[in-house]
Amino acid sequence: MGNGTLLPHLFRTEYSKIVAVLCRHFGLKQVEIAEDIASDTFMAAAQGWGINGMPAEPVAWLYRVASNKARNHLRREQIFTTKVTRETLNNLEEFEQPEIDLSPKGITDSQLQMIFAVCHPALALEGQVSLALRILCGFGIDEIADAFMVGKDTINKRLYRAREKLRESGCTIAMPAEAELESRMGGVLKTIYLLFNEGYYSISNNATLRKDLCLEAIRLCNMLLENGATNRPEVNALMALMCFHASRFEARTGSSGEQVLYDEQDTGLWNMELVGKGSYFLHLSASGDTLSKYHIEACIAYWHTQRADTGGKWEHMLLLYDQLLALEYSPTAVLSRVYVLYKTGQTQKALAEAGQLAMDGNQFYHTLLGVLYSGTDPVKARASWWQALQLARTDMDRRIIQRKIDALP
């Protein structure tokens, strides 16, 4: 791997580690300083490696340079903020050698603590996810803007507000006490869940970015599982959910980059190793008395990895959607439940329930009606698909819907 490909790869994998360790050392009030030092480190690598060649141990080189830059920053701060006395000058060497712990354990501890800092309840959810992408995952501003389909200015403002909120909150980079951990876990899991969904259901056409978002969510969840205090049933359930969904990632996109609907997917492209991992984590999630939405969604995702002719597949999913809606209402779950009801052979009942939903401005509602009417009323099916076409937000969605319209008699 040459400089041209290695350095971007190292930026993605090491930038967030360096930032987390430096934030832990400097405190959240100087999060931009930590980011600047990490960015300067990679700029130094881009310049130095281009002239002198790649070092024998690139990662160690990055850590050493980042550590030196951090020490230099602390030294300058000490000189500017402390009255220069003979005693200070005599002890200056002490200030030049603070411990910047970039050991594997130091990095893991710092990143785990940063998850809870970034997911502080004082921050809006969109701010939490954006900050997680920037600080914990090493995503650039352009990539975050692409993921959310908004401009770079919007992301910069969002990150600025999130950092300011963190400063005002007085949050420190440390694992919450046991009593607080319980209340903070929900926000952490929701951020990881939204990060994964942003990749899996993203309307971005950047397939590589979408996969990276999902993989980063899985990586962050895995960090929680590797820590005794945060390895909980709901964390295992979330990991199971993501594994089941990720197992069908390759089948969801056609050769031209177009989205492939579930019923049309090539099941031979499903990753059965990930299905097995999902089943493993789902089994672990069954310990204790916790039943979270992640447990139910993981079970639904499991049934989505089963072949079409699996007995009782759709009936099981219908019961699970009933449980999910009793636990937490969402429009997406309501539409999915009506579709599952249709798949159990109860088309008329599905149509009756769909008719009670007030979702005229929802593209997926009209898409669902198009499916429900396709076998019974081609005229209404065409009208529903046409309405969905008017509401579609991406060219990919428009192509899929147009294909459905063209296939009608």
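For clarity, every value in this text was computed on a predicted model and none was experimentally measured. All heavy atoms count here, side chains included; hydrogens, waters and symmetry mates do not.
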Can you confirm whether [X] sits close enough to [Y] that some side-chain heavy atom of one is under 4.5 Å from a side-chain heavy atom of the other?
X	Y	value
I300	H304	yes
H366	W386	no
V235	N231	no
R158	I144	no
R248	V275	no
P58	L6	yes
L166	L131	yes
R184	P121	yes

Okay, side chain of [X], backbone of [Y]: is any donor-acceptor separation there less than 3.5 Å?
X	Y	value
T108	K105	no
E143	G140	yes
S67	Y63	no
S16	G138	no
T154	V150	no
H316	G312	yes
R167	V31	no
H295	S292	yes

Going by distance alone, is a donor N or O of one side chain under 3.5 Å from an acceptor N or O of the other, for [X] and [Y]?
X	Y	value
N68	R71	yes
Q387	Y365	no
T191	Q128	yes
E250	N271	no
D406	Q402	yes
R24	Q113	yes

Rounded to the nearest 0.5 Å, what separation is found between the [atom1] atom of [X] and the [atom2] atom of [Y]?
X	Y	atom1	atom2	answer
M317	Q306	CE	CD	10.5 Å
W314	L341	CH2	CG	12.0 Å
F281	M239	CZ	CE	5.0 Å
F148	L133	CZ	CG	5.5 Å

Lys/Arg cation over aromatic F139: R134, 6.0 Å, 45° cone: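 That pair does not qualify as a cation-pi contact.
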Aromatic ring proximity W61/W49, centre distance under 6.0 Å: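 Yes, they do, as the ring centres are separated by less than 6.0 Å.
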side-chain contact (heavy atoms from CB on, under 4.5 Å) between F11 and H9, intermediate numbers included: CA-CA 5 Å; F11 185 87; H9 169 74; over 6 Å; no
Lys/Arg N to Asp/Glu carboxylate O, E353 vs R337, below 4.0 Å: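 Yes, charged N to carboxylate O under 4.0 Å.
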Side-chain ion pair, K211 and E216, N-O less than 4.0 Å: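 E216 and K211: not salt-bridged.
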Crowding at NZ, K343 (>12 non-hydrogen neighbours, <6.0 Å):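 Atom NZ in K343 is crowded, with more than 12 foreign heavy atoms closer than 6.0 Å.
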Qualifying residues under ring pair (Phe, Tyr, Trp, His ring centres under 6.0 Å), relative to Y373, sequence neighbours excluded: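 Y373: no ring pair (Phe, Tyr, Trp, His ring centres under 6.0 Å) contacts found.
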Heavy-atom closest contact (A217 atom, I192 atom, distance):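 That would be O-CG2, 3.4 Å.
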Minimum heavy-atom distance between D101 and G106, given as atom pair plus value: OD2-CA, 3.5 Å
Passing candidate, side chain to side chain contact (heavy atoms under 4.5 Å, CB included) with L238, options L189, I218, V188: L189
Residue that, paired with F244, satisfies ring pair (Phe, Tyr, Trp, His ring centres under 6.0 Å) out of F249, Y200, Y302: Y302
